[in-house]
Peer 1: 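This is the structure, below, for whatever I ask next.
Just so we're on the same page: letters track the sequence lines, and every chain starts at 1.
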Protein chains: 2
Amino acid sequence: MENRATQLEQALRRAGVRVTRQRAALLRVIAGSEDHPDAAELHRRAEAAGAGVSLATVYRTLTTLQTQGVIEKLEFQGEPARWEAADQRHHDHMIDVDTGAVMEFTNDRIERLQAEIAAEMGYEIVHHRLELYVRRRG
Amino acid sequence: MENRATQLEQALRRAGVRVTRQRAALLRVIAGSEDHPDAAELHRRAEAAGAGVSLATVYRTLTTLQTQGVIEKLEFQGEPARWEAADQRHHDHMIDVDTGAVMEFTNDRIERLQAEIAAEMGYEIVHHRLELYVRRRG
DNA sequence: ATAAGTGCAAAGGTTTTGCAGTCGG
DNA sequence: CCGACTGCAAAACCTTTGCACTTAT
């Protein structure tokens, strides 16, 4: 993840985005997170790592990184926005309504059907959101 | 829609929910709306109809009506929540990212696939959210 | 009668922003 | 060097809530 963060820094610089101490720290926090933290949580983790970043900068950085395609924003029902690294292959989310656990899944057939539906109506998909709010069977 | 609103009033009373002047007015606004208005817009429409309802009551009423299963809450990306009557059959939404237009669609195959995916992982679906953010082809 | 509902204004939680100072390229 | 970036505090935004008053049943 150190490496991944370093790669991203170079990509950002190439794109003309300055790599400040704060941004470098956040890149490392994000690269090292396997879950789906919100801005406050990322701020906490950055501080815990001794970063010295303001919450305002966390928000601004998240927007910047999203624009650069480095991270993706998740907005589950009525919670603060969460974020995840964008370096994985596309997937959707399943949320356990009892525990709040977030799981990931993919299904090519659903993807294709979505594209077909849009095409039939004369549109193309820019992006989509598929969330399953679920409960353990019992 | 007058009739629909009246039906709903009776259902509410049966459920032990009081039908106040404000709630009756909102029921009529909702029954007469074919789009997906947010709380502020519903408030405006109610006021335009001479209702005399506070915005706080609009919010409280929306929550109540949702609990009663009369309306459904839609939370599209980063906008205030929107609402729609729940008297229709289930459908998902397609949002034109350029115009903001919201269209509805259904696809049984997608519905079935979702249930299968959840089942495979040992869950059952409580509810789901499928939104296609699209752009006109050209 | 009386519990449920309302209006108002204040507070809540998340996110954005203006401004003056700082720093990366 | 200088424009992009930051911190701080204030504001914006949508939504909820406490309290005293009103009203549907």
Peer 1: Listed by chain and number, what are the salt bridge (Lys or Arg N to Asp or Glu O under 4.0 Å) partners of A/Glu41, not counting sequence neighbours?
Peer 2: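 Residues passing salt bridge (Lys or Arg N to Asp or Glu O under 4.0 Å) with A/Glu41: A/Arg44, A/Arg45.
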Peer 1: Could you give me the CA-CA distance, side-chain angles and deciding distance for A/Phe76 and A/His36, then say whether ring-ring contact (aromatic ring centres under 6.0 Å, His included) is met?
Peer 2: CA-CA 11 Å; A/Phe76 300 143; A/His36 306 82; 7.0 Å; no
Peer 1: Run the side-chain contact (heavy atoms from CB on, under 4.5 Å) check on A/Leu74 and A/Trp83 step by step: do they pass?
Peer 2: CA-CA 6 Å; A/Leu74 307 175; A/Trp83 302 84; over 6 Å; no
Peer 1: Within the 4.0 Å limit for protein heavy atoms, which parts of nucleotides 20-25 of chain C are touched? Write it as a string from 5' to 3', B for base, S for sugar-phosphate only, - for none.
Peer 2: ----BS
Peer 1: My understanding is that only residues two or more places apart in sequence, or in another chain, count here; which of them pass side chain to side chain donor-acceptor pair (under 3.5 Å) with A/Glu79?
Peer 2: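 Side chain to side chain donor-acceptor pair (under 3.5 Å) list for A/Glu79, sorted by chain: A/Arg82.
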Peer 1: Just jot down the side chain to side chain donor-acceptor pair (under 3.5 Å) partners of A/Gln66, sequence neighbours excluded, or say none.
Peer 2: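 Scan of A/Gln66 (side chain to side chain donor-acceptor pair (under 3.5 Å), adjacent residues dropped) gives none.
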Peer 1: I'd like to check the salt bridge (Lys or Arg N to Asp or Glu O under 4.0 Å) partners of A/Asp98; sequence neighbours left out, ordered by chain and number.
Peer 2: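 If we apply the salt bridge (Lys or Arg N to Asp or Glu O under 4.0 Å) test to A/Asp98, skipping adjacent residues, the hits are A/Arg135.
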Peer 1: Let me have the donor-acceptor pairs involving side chains of residues 48-60 of chain A, under 3.5 Å, with sequence neighbours excluded, atom names and distances please.
Peer 2:
| from | atom 1 | to | atom 2 | distance (Å) |
| --- | --- | --- | --- | --- |
| A/Ser54 | OG | A/Thr57 | N | 3.2 |
| A/Ser54 | OG | A/Thr57 | OG1 | 3.2 |

Peer 1: Can you give me the closest heavy-atom contact between A/Ala46 and A/Val29, atom names plus distance?
Peer 2: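 Where A/Ala46 meets A/Val29 most closely, the heavy atoms are CA-CG2, 3.8 Å.
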Peer 1: How long is the span from the CD1 atom in B/Ile125 to the CD atom in B/Glu116, to the nearest 0.5 Å?
Peer 2: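 Reported to 0.5 Å precision, the distance equals 10.0 Å.
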Peer 1: Taking only N and O in the side chain of B/Gln22, is any of them less than 4.0 Å away from OP1 or OP2 of C/dG7?
Peer 2: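 Indeed, a polar side-chain atom of B/Gln22 lies that close.
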Peer 1: Mind checking side chain to side chain donor-acceptor pair (under 3.5 Å) for A/Gln114 and listing every partner two or more places apart, or none if nothing turns up?
Peer 2: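 Per chain and number, A/Gln114 pairs via side chain to side chain donor-acceptor pair (under 3.5 Å) with A/His128.
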Peer 1: Taking salt bridge (Lys or Arg N to Asp or Glu O under 4.0 Å) as the definition, give me every residue that meets it alongside A/Arg13, ordered by chain and number, with sequence neighbours left out.
Peer 2: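 Only A/Glu9 meet the salt bridge (Lys or Arg N to Asp or Glu O under 4.0 Å) criterion with A/Arg13.
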Peer 1: So what is the end-to-end bend of the helix from C/dA1-D/dT25 to C/dG25-D/dC1, with 5 pairs used at each end and the value given to 10 degrees?
Peer 2: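 The value is 40°.
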Peer 1: Please list, in numerical order, the residues of residues 59-86 of chain B that have a heavy atom closer than 4.0 Å to any atom of DNA chain C.
Peer 2: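 Listed by number, they are B/Arg60.
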Peer 1: Among residues 39-58 of chain B, which contact DNA chain D at a heavy-atom distance under 4.0 Å?
Peer 2: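 Within this stretch, B/Ala56 sit under 4.0 Å of the strand.
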Peer 1: Among all residues two or more places apart in sequence or in another chain, which pass the side chain to side chain donor-acceptor pair (under 3.5 Å) test with A/Arg129?
Peer 2: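 Checked A/Arg129 against side chain to side chain donor-acceptor pair (under 3.5 Å); matches are B/Glu131.
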